[in-house]
Amino acid sequence: QVQLVESGGGLVQAGGSLRLSCGASGRTFSIYTMGWFRQAPGKEREFAAAISPNGSNRLYAVSVKGRFTISRDNAKNTQYLQMNSLKPEDTAVYYCAARLGDNGLGQVDYWGQGTQVTVSS
């Protein structure tokens with residue numbers, strides 16, 4: 001069992017930046033693909049970014065590519081999402097996600113509880 005806890009959400013003006021963190025319990029963090037999804041009000045949850053277990057591969061949704069950067073620190077059991085040039089349409093609840101192995105995030109084994117990001121215009 002893996003428990004994921006997000007932090008770092010908040011209110012920011014358009015053009016600003018935020019960094020989300022996701023801490024994971026357990027000693028096997030380094031064998032999980034990690035990532036972020038988001039869900040805006042009235043919309044389905046959507047993929048934002050993913051990072052392979054050793055951090056060598058990263059994947060981004062078109063909507064965030066070039067503005068968001070995903071990273072991880074396996075020694076600290078933590079992944080991050082640096083969000084720059086934020087837009088009002090980035091407003092959503094952001095969820096940390098984990099999947100055992102190096103097979104992407106088409107299937108998610110564990111979810112965090114979510115953290116709210118609100119971007120004002």
Side-chain angles (χ1 to χ4, degrees):
Q1 187 76 10
V2 175
Q3 291 186 322
L4 305 173
V5 179
E6 303 99 331
S7 61
L11 173 64
V12 64
Q13 289 188 331
S17 298
L18 280 176
R19 188 176 82 154
L20 305 182
S21 299
C22 172
S25 63
R27 296 176 292 178
T28 58
F29 179 77
S30 62
I31 64 174
Y32 284 84
T33 294
M34 299 298 297
W36 296 90
F37 286 72
R38 65 186 186 180
Q39 187 167 17
K43 296 187 176 181
E44 293 187 353
R45 191 174 299 188
E46 65 176 11
F47 168 79
I51 187 166
S52 60
N54 66 3
S56 60
N57 293 311
R58 301 171 186 180
L59 182 66
Y60 298 95
V62 172
S63 57
V64 308
K65 194 171 186 178
R67 300 186 299 120
F68 291 10
T69 301
I70 189 170
S71 62
R72 65 191 295 162
D73 185 336
N74 287 345
K76 295 182 178 180
N77 282 15
T78 302
Q79 70 154 346
Y80 306 95
L81 186 67
Q82 177 66 43
M83 305 185 294
N84 298 329
S85 302
L86 282 161
K87 306 174 182 180
E89 50 263 44
D90 294 317
T91 295
V93 177
Y94 283 71
Y95 295 91
C96 177
R99 182 184 183 185
L100 182 63
D102 191 5
N103 299 303
L105 284 176
Q107 176 181 319
V108 174
D109 295 327
Y110 300 101
W111 293 100
Q113 83 286 354
T115 185
Q116 177 71 46
V117 171
T118 302
V119 184
S120 63
S121 58

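Residue indices begin at 1 and follow the sequence shown.
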*ILVMFWY clustering at 4.5 Å (side-chain atoms), partners of V108*: F37, F47, L59, V93, Y95, L105, W111

*In the hydrophobic clustering that connects Ile, Leu, Val, Met, Phe, Trp and Tyr at side-chain heavy-atom distances below 4.5 Å, which members other than Y80 occupy its cluster, ordered by chain and number?*
none

Which residue pairs pass the salt bridge (charged side-chain N to carboxylate O under 4.0 Å, His left out) test when at least one of the two sits in [range], sequence neighbours left out?
{"range": "residues 97-121", "value": "none"}
{"range": "residues 74-84", "value": "none"}
{"range": "residues 55-67", "value": "R67-D90"}

Which disulfide bond (SG atoms under 2.5 Å apart) pairs, counting each pair once, include a residue from [range], with sequence neighbours left out?
{"range": "residues 59-95", "result": "none"}
{"range": "residues 40-86", "result": "none"}
{"range": "residues 26-81", "result": "none"}

Can I get a per-line list of side-chain donor-acceptor pairs under 3.5 Å for residues 1-9, giving both atom names and the distance, sequence neighbours left out?
residue: E6; atom: OE1; partner: Q113; partner atom: N; Å: 3.0
residue: E6; atom: OE1; partner: Q113; partner atom: NE2; Å: 3.3
residue: E6; atom: OE1; partner: G114; partner atom: N; Å: 3.0
residue: E6; atom: OE2; partner: C96; partner atom: N; Å: 2.8
residue: E6; atom: OE2; partner: G114; partner atom: N; Å: 3.1

*asked:* Is the shortest side-chain heavy-atom distance between Q79 and I70 below 4.5 Å?
replied: yes

*Quick one: are L81 and V64 in side-chain contact, heavy atoms under 4.5 Å?*
no

*Partner residues of E46 under the side chain to side chain donor-acceptor pair (under 3.5 Å) criterion, sequence neighbours left out*: R38

_S56: side chain to side chain donor-acceptor pair (under 3.5 Å) partners, not counting sequence neighbours_ = N54

*Which residues pass the salt bridge (Lys or Arg N to Asp or Glu O under 4.0 Å) test with R19, sequence neighbours left out?*
none

